[in-house]
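For reference, the structure discussed in these notes is given below.
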Amino acid sequence: MRSLHATFPTLARLAGGWLRMALPDHCALCHQRAARQVCPDCAHAFDANRPDAPSRCRQCAVALPPLATLSDGAPLSGAEGATICRTSLPLVCGQCLRRRPAFDATLVLADYVAPLDTLMIRLKYHGALPFAREFGERLGDALATCGDDTALLVPVPLAPSRLASRGFNQAWELARVASRRAQLPASAHMLHRERTTAAQRGLSRDARRRNLRGAFVASDGVRGRRVVLVDDVMTTGATCDAAAAALKRAGATHVLAAVALRTPPTS
């Protein structure tokens with residue numbers, strides 16, 4: 001009986017922590033009172049709210065150097081690079097010029113840096129699923145500005161063993177929230193992993209590409225469809241590249257990679 005009484009306070013603390021995330025009254029970053037996970041002040045970390053948002057590669061959304069200029073020497077406006085839907089100039093980075101990925105363009109909310117990276121780590125590795133709503137709603141808002149009301153949202157799938165150990169696929173959690181927000185259809189059954197791959201962390205760009213070769217297979221249900229491929233973080237783009245290639249082989253006509261956060265260039 002004593003151990004039972006000791007258990008209730010522990011359960012109450014766990015339940016209270018989850019409820020504070022699910023029904024937030026404080027910002028998860030600055031801890032000030034707020035109606036959602038990220039308050040308006042901290043939301044300036046997202047590109048869409050930054051007057052100094054970096055220009056981004058239209059293909060892979062990597063942040064471009066701040067001194068990038070047009071061919072006539074005129075400076076570029078960083079604010080237009082907030083999302084692919086508001087990027088008026090077809091800027092493409094050197095890596096994508098050397099080897100164009102299978103996806104046609106990329107939409108991203110911000111770079112994978114502090115303070116937003118901490119929220120993604122808590123979502124991905126600690127099961128803080130309410131943060132999927134924060135990122136997913138913002139992805140949905142960005143997709144809604146694109147004006148494509150026929151696109152199908154498809155999450156990057158996890159290998160069955162990884163899904164079993166984690167208990168959820170963070171890409172699907174993002175996709176289904178974004179789907180409701182943008183009023184677009186979504187399906188977790190259009191793209192599958194054929195095999196379990198080694199962890200991508202620590203691998204070079206070429207090693208990541210080799211590791212993912214033949215890892216994905218897409219359903220015929222994407223034939224003739226425009227697809228929004230949803231994932232949590234893009235590092236080199238190898239995962240989205242392999243997944244988009246599978247979607248294109250199955251007949252998808254266009255693939256937009258929509259990722260919450262983008263790892264910035266190392267140099």
Side-chain angles (χ1 to χ4, degrees), residues 56-64 81 83-85 87 90-109 112 139 142-143 146 148 150-159 162 169-172 174-175 178-179 184-201 203-265:
R56 293 187 180 276
C57 170
R58 189 173 182 85
Q59 192 82 33
C60 74
V62 71
L64 298 173
T83 74
I84 191 66
C85 308
T87 302
L91 303 174
V92 179
C93 71
Q95 183 64 40
C96 289
L97 287 173
R98 287 189 292 272
R99 185 188 183 280
R100 191 169 291 272
F103 49 87
D104 298 281
T106 300
L107 179 154
V108 68
L109 298 178
Y112 184 67
L139 278 176
L143 288 170
C146 293
D148 188 349
T150 63
L152 172 67
L153 274 64
V154 174
V156 172
L158 290 177
R162 198 157 295 156
N169 177 4
Q170 67 278 359
W172 172 238
L174 294 170
S179 168
L184 293 170
S187 174
H189 305 295
M190 295 295 171
L191 188 64
H192 307 276
R193 278 199 188 241
E194 281 285 273
R195 58 183 177 83
T196 300
T197 57
Q200 294 281 82
R201 184 180 296 179
L203 297 180
S204 67
R205 183 184 299 270
D206 289 339
R208 286 171 180 250
R209 191 175 295 124
R210 289 193 299 271
N211 186 41
L212 291 163
R213 191 171 295 152
F216 298 104
V217 173
S219 162
D220 286 341
V222 301
R223 186 171 301 279
R225 300 293 300 267
R226 294 173 66 85
V227 173
V228 176
L229 180 65
V230 180
D231 206 3
D232 56 330
V233 177
M234 180 183 286
T235 302
T236 65
T239 299
C240 285
D241 184 26
L247 291 165
K248 292 284 186 74
R249 286 194 298 270
T253 59
H254 183 276
V255 178
L256 168 67
V259 297
L261 302 176
R262 179 66 161 97
T263 300

For residues 251-261, which side-chain donor-acceptor pairs fall under 3.5 Å, sequence neighbours excluded?
from, atom 1, to, atom 2, distance (Å)
T253, OG1, R225, O, 3.3

In this structure, SG of C57 is separated from CG of L97 (nearest 0.5 Å) by 7.5 Å

*asked:* Contact between R193 and V217 at the side-chain level, heavy atoms closer than 4.5 Å - yes or no?
replied: no

For C93 and L64, the nearest pair of non-hydrogen atoms, with its separation, is CB-CD2, 4.0 Å

Counting C-beta onward and ignoring hydrogens, is there a side-chain heavy-atom pair between C96 and P101 closer than 4.5 Å? yes

Are any of the side-chain heavy atoms of V222 and D220 separated by less than 4.5 Å?
no

Applying side-chain hydrogen bond (donor to acceptor under 3.5 Å, both in side chains) to R249 and not counting sequence neighbours gives none

dist F103:CZ -> K248:NZ (nearest 0.5 Å) comes out at 10.0 Å

*Is any side-chain heavy atom of V62 less than 4.5 Å from a side-chain heavy atom of Q95?*
no

Closest heavy-atom pair, L191 versus A246, reported as atoms and distance to 0.1 Å, is CD1-CB, 4.2 Å

*Please lay out, stage by stage, how C240 and M234 fare under the test side-chain contact (heavy atoms from CB on, under 4.5 Å).*
CA-CA 8 Å; C240 285; M234 180 183 286; 3.9 Å; yes

Exercise. If we only count heavy atoms from C-beta on, is the C60 to R262 side-chain gap below 4.5 Å?
Worked result: yes

By side-chain hydrogen bond (donor to acceptor under 3.5 Å, both in side chains), R223 pairs with (sequence neighbours left out) none

Is it true that the side chains of D241 and T239 contain a donor and an acceptor less than 3.5 Å apart?
no

Here the pair of heavy atoms bringing A102 nearest to A245 is CB-N, 3.5 Å

Interatomic distance, CZ@R58 vs OG1@T106, rounded to 0.5 Å, equals 10.5 Å

Residues V156 and N169: closest non-hydrogen pair is O-ND2, 3.1 Å

Closest heavy-atom pair, V228 versus A151, reported as atoms and distance to 0.1 Å, is CG2-CB, 3.7 Å

So CE of M190 and CG of L229: to nearest 0.5 Å the spacing works out to 13.5 Å

Rounded to the nearest 0.5 Å, the CG atom of L153 sits from the OG atom of S179 at a distance of 5.5 Å

**Request:** Kindly indicate, with the supporting measurements, whether the criterion side-chain contact (heavy atoms from CB on, under 4.5 Å) is fulfilled by L184 and L152.
**Result:** CA-CA 7 Å; L184 293 170; L152 172 67; over 6 Å; no

Output for pair (R226 CZ, D148 CG), nearest 0.5 Å, gives 4.5 Å

